[in-house]
Amino acid sequence: MPIVVHLDVILAKRKWKSRQLAEAVGITEQNLSVLRSGRAKAIRFTTLDKICRALDCQPGDILEYMEHIPKECHHNKVKNNHEQDNS
Amino acid sequence: MKKSENTIKIQRISRGLSLLFYIGTFVIPVFAVFYWMGYNSSPIQLINSALPGSHGGVMPQVLELNSRLIGLVGDLPALVVLLLALNTLRRLFFLYARGVFFKVENVAHYRKLSKLAFWSILANIFDRTLVNLALTINNPPGQKVLIIGLTADHVKLMFVAIILMIIARVMNEGREIYDENQLTV
């Protein structure tokens, strides 16, 4: 999908764990992982609203339209998400 | 996720139905064998007099062993199809009892039920033919009966099979919506 989610970048900047964000937004960590890994097919406006409020950012900071996503970029993103969850 | 009242009701009823279908897979074949092998006994005669003749006409009071064996063999394909259908229903309602409503397995079960409904038409025709033969094979010449044909019951079964096929497709649409919902954050 051309929509890339930069949630892990924002989380790193704010020094937040995914568990903290999941609790603040009111979704499960598994759902958050679905979003971070790019497997999500849709996001509700209410969820986007809560994420932006929690992280004090704009939707554009989290979501980016990229027509051609390099394969290495996607592979590293999934790997980084997994490593951050385990730490 | 908190379950709705509807989900809890579905699960409760499905547990009972799953158990019922499970018991049926053992009871029905035993009854079928007992019916034909014990045909000449009074309990079976009582059943025959109480139930409308599904094979048409008056049921004879006594059948020779060869007739009873032909009758049992005639019942076998329909019995196999029925047992497969009961097993499929047991699995489907077991999924419902676990709260699984819109998965690939559910769709597969509906498709299988539709196919079994089509097969049951053929099995039923075979059953009816052989059972009528079994009931009349020892009759005097000129009184033996061989029937091969479609009845209103077969047409009803055909409609049931088509409806089940459509339901399987609808369930597949539901499965796609459910999968998409699972990936909506």
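Keep in mind that what you see is a predicted model, and the values were worked out from it rather than measured. Order of the sequence lines sets the chain letters (A, B, ...), proteins ahead of strands, with each chain counted from 1.
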Quiz item: Does CZ in B:R91 sit with more than 12 non-hydrogen atoms of other residues, nucleotides or ligands closer than 6.0 Å?
Solution: no
Determine which donor-acceptor pairs between chain B and chain A fall under 3.5 Å and list them with their distances.
{"residue": "B:L183", "atom": "O", "partner": "A:K41", "partner atom": "N", "Å": "2.8"}
{"residue": "B:V185", "atom": "N", "partner": "A:A42", "partner atom": "O", "Å": "3.0"}
{"residue": "B:V185", "atom": "O", "partner": "A:R44", "partner atom": "N", "Å": "2.9"}
{"residue": "B:V185", "atom": "O", "partner": "A:T47", "partner atom": "OG1", "Å": "3.3"}

Quiz item: Distance only, no hydrogens: is a donor on one side chain within 3.5 Å (strictly under) of an acceptor on the other, for B:N172 and B:R169?
Solution: no
Exercise. State whether the side chain of B:N139 and the backbone N or O of B:K144 hold a donor-acceptor pair below 3.5 Å, judged by distance alone.
Key: no
Quiz item: So what's closer than 4.5 Å to chain B heavy atoms on A:I43: side chain, backbone, both or neither?
Solution: both
Practice problem: Inspect the surroundings of OH in B:Y22 and state if more than 12 heavy atoms from other residues, nucleotides or ligands are less than 6.0 Å away. | Solution: no
Quiz item: Among the clusters formed by ILVMFWY side chains lying less than 4.5 Å apart, do B:Y35 and B:I70 turn up in the same one?
Solution: no
Self-check item: Test item: side-chain donor near acceptor, B:N87 and B:T25, under 3.5 Å
Solution: no
